[in-house]
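Order of appearance sets the numbers: ligands from 1, and atoms from 1 within every ligand.
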Amino acid sequence: MLAIIGASGKIGSATLDAIFSHGMLPADQIIGCTSSEPGSPKWSKLSEKGVQVRHASFDDPISIKNAISGCDKLFLISSPRIFMDFFDAPQGHGREKDHFAAINAACDAGIKHIYYTSLAFISPSKSNVMTAHERTEAYLKGVKRSKGVDYTIIREGLYNESWPLYFGHFNPKTDSRTEVIVAGDGAISWTSISDLGLANAVILVSDNEKYKGNTLYLSNTRDPKSLADIASMLSSTRKQPISLKVVSRSEHEEYYIKERGMNEGQIKWWAKTYDALKGGECRIEHDKTLELILSEYGRVPKPVQVTVDEMIDIN
Ligand SMILES: NC(=O)c1ccc[n+]([C@@H]2O[C@H](COP(=O)([O-])OP(=O)(O)OC[C@H]3O[C@@H](n4cnc5c(N)ncnc54)[C@H](OP(=O)(O)O)[C@@H]3O)[C@@H](O)[C@H]2O)c1
């Protein structure tokens, strides 16, 4: 039995869709966890997929233990509660707090193998976004040593669909900026959510031994694109020039916090991502796992240009 924490979200949904569209596992062999309550839209959406739906919240470890008891595998999708990381959260207080709670509950519930969704930056990373992931990866290795629970760390590629976040918190539908300010640039191995869903699904249903103890990257290594490249794509798609301006981190923070009124904690947390980009941490070339898995299904990775065009929706 497979349990999924984060089953209702983007990566959980894409993984479930791939499992079902390729008949990899019957729905009754999957427990979809949600922190929502019965009758809520998220609960109903999961239920419609045919999985067993159970309540489990990072805030209530007992609910996680109860929800996933009887399963041997846990797909732990990382916590979306980024506010926990803000202002340099000390060890154990960032999003890793949610992950540690889930991992401890999984050990108590008798889970044999935890698959954790980390992020496809080279580590050690200069970013803040990787801190909770690096702490969780270390925790999983400790749990393997102390309790014998197996792990697979899946460093999920940076979503094609998340280009607006990196590209100056851009709004694809309404943004009228002709110059976008960021604190750095570098190549990114953008990877679509649906491609990640298929690769996750294959890994989860594989024999336990195949990916046991691995830290692997799921990235489209073929054609990395920088934020300047994204600006060129937008310029040609919208038939209106838009440029990228690289400034210092402090200028970036001041602009987004003071001029655009964005949340200070979020901007200061996010701005160090550009140090990582400049350092080449998001250009992934050495791990072809995603492409190998997709090729077994006759697929090639979806280029980020296609996603940009879809999200701009010029028609
Ligand atoms: N690879 C990338 O480029 C990329 C991009 C964006 C985000 N991420 C990260 O990837 C992870 C998940 O991604 P996603 O895109 O699937 O995010 P998402 O669509 O926002 O889904 C988040 C999931 O977290 C669950 N959740 C929220 N609060 C919870 C709680 N208290 N207890 C248990 N579960 C809770 C939600 O389920 P319920 O509400 O049903 O409980 C939902 O299924 C996050 O860490 C996110 O920061 C990665």
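- Between Lys73 and Ser206 the shortest heavy-atom distance is NZ-O, 3.1 Å.
- Ligand 1 lies within reach of Gly157, whose nearest heavy atom is under 4.0 Å from it.
- Applying the 4.0 Å criterion to heavy atoms of Thr34 picks out, from ligand 1, the atoms 38 (P), 40 (O), 41 (O).
- Looking at Ser162 against ligand 1, only its side chain comes within 4.0 Å, counting heavy atoms.
- Of the protein's heavy atoms, Ile77 CG2, 3.5 Å lies nearest to atom 12 (C) of ligand 1.
- Going from atom CD of Glu156 over to atom OG1 of Thr117 covers 5.5 Å, rounded to the nearest 0.5 Å.
- Per-residue contacts place Leu158 under 4.0 angstrom from the following atoms of ligand 1 (heavy atoms of the residue considered): 3 (O).
- Annotation for ligand 1: atoms under 4.0 Å from non-hydrogen atoms of Leu119 are 1 (N), 2 (C).
- Residue contacts with ligand 1 for Leu196 are absent, since no atom lies close enough (heavy atoms, distance under 4.0 Å).
- Taking the side chain as every heavy atom from C-beta outward, Ile77 and Thr15 never approach each other to under 4.5 Å.
- Residue contacts with ligand 1: Gly6 is placed with a nitrogen or oxygen under 3.5 Å of a nitrogen or oxygen of the ligand (distance criterion only).
- Looking only at protein heavy atoms, the nearest one to atom 6 (C) of ligand 1 is Tyr159 CE1, 3.6 Å.
- Under 4.0 Å from ligand 1, the heavy atoms of Ser79 that appear belong solely to its backbone.
- Among protein heavy atoms, the minimum distance from atom 22 (C) of ligand 1 is reached at Pro80 CG, 3.6 Å.
- Scanning the protein heavy atoms around atom 45 (O) of ligand 1, the nearest turns out to be Ser78 OG, 2.5 Å.
- In this structure, atom 30 (C) of ligand 1 lies nearest to the protein heavy atom Phe58 CD1, 3.4 Å.
- Ligand 1 is approached by Ala56 to a heavy-atom distance shorter than 4.0 Å.
- At under 3.5 Å, a nitrogen or oxygen of Lys10, whether backbone or side chain, sits near a nitrogen or oxygen of ligand 1.
- Tracing side-chain contacts under 4.5 Å through hydrophobic residues (I, L, V, M, F, W, Y), one reaches Ile242 starting from Ile312; they form part of the same cluster.
- Atom CD1 of Ile153 sits about 4.0 Å away from atom CD of Glu137, to the nearest 0.5 Å.
- Between Thr221 and the options Arg283, Glu291, His286, Glu285, a side-chain hydrogen bond (donor to acceptor under 3.5 Å, both in side chains) holds for only Glu291.
- Under the 4.5 Å side-chain heavy-atom criterion for Ile, Leu, Val, Met, Phe, Trp and Tyr, Val304 and Ile188 are members of the same hydrophobic cluster.
- Donor-acceptor pairing under 3.5 Å is recorded for the side chains of Thr237 and Asp309.
- Between Asp185 and Lys278, no side-chain nitrogen of the basic residue sits less than 4.0 Å from a carboxylate oxygen of the acidic one, so the salt-bridge criterion is not met.
- Rounding to the nearest 0.5 angstrom, the gap separating the CG atom in Asn160 from the CD1 atom in Ile193 is 8.5 Å.
- The single protein non-hydrogen atom nearest to atom 28 (N) of ligand 1 is Ser35 OG, 3.9 Å, given as residue, atom name and distance.
- Which parts of ligand 1 touch Arg81 is read off a 4.0 Å heavy-atom cut-off, strictly below it: atoms 31 (N).
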Inset, instruction - Apply the test salt bridge (charged side-chain N to carboxylate O under 4.0 Å, His left out) to residues Lys144 and Asp150: give CA-CA distance (whole Å), side-chain angles for both, the deciding distance (0.1 Å), then the verdict. - result: CA-CA 6 Å; Lys144 167 64 183 168; Asp150 287 317; 2.8 Å; yes
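- Heavy atoms of Arg95 come nearer than 4.0 angstrom to ligand 1 in at least one pair.
- The hydrophobic cluster containing Leu16 also contains Tyr115, counting ILVMFWY residues as joined when their side-chain heavy atoms lie under 4.5 angstrom apart, directly or transitively.
- Note: Tyr166 OH to Tyr159 OH = 10.0 Å, rounded to the nearest 0.5 Å.
- Counting atoms of ligand 1 from 1 in the listed order, those under 4.0 Å from a heavy atom of Ser8 are 36 (C), 37 (O), 38 (P), 40 (O), 42 (C), 43 (O).
- Closest to atom 16 (O) of ligand 1 among all protein heavy atoms lies Ile11 N, 2.9 Å.
- Residue, atom and distance of the protein heavy atom nearest to atom 39 (O) of ligand 1 are Lys42 NZ, 2.6 Å.
- On a distance-only criterion, Cys33 and ligand 1 share no N/O pair closer than 3.5 Å.
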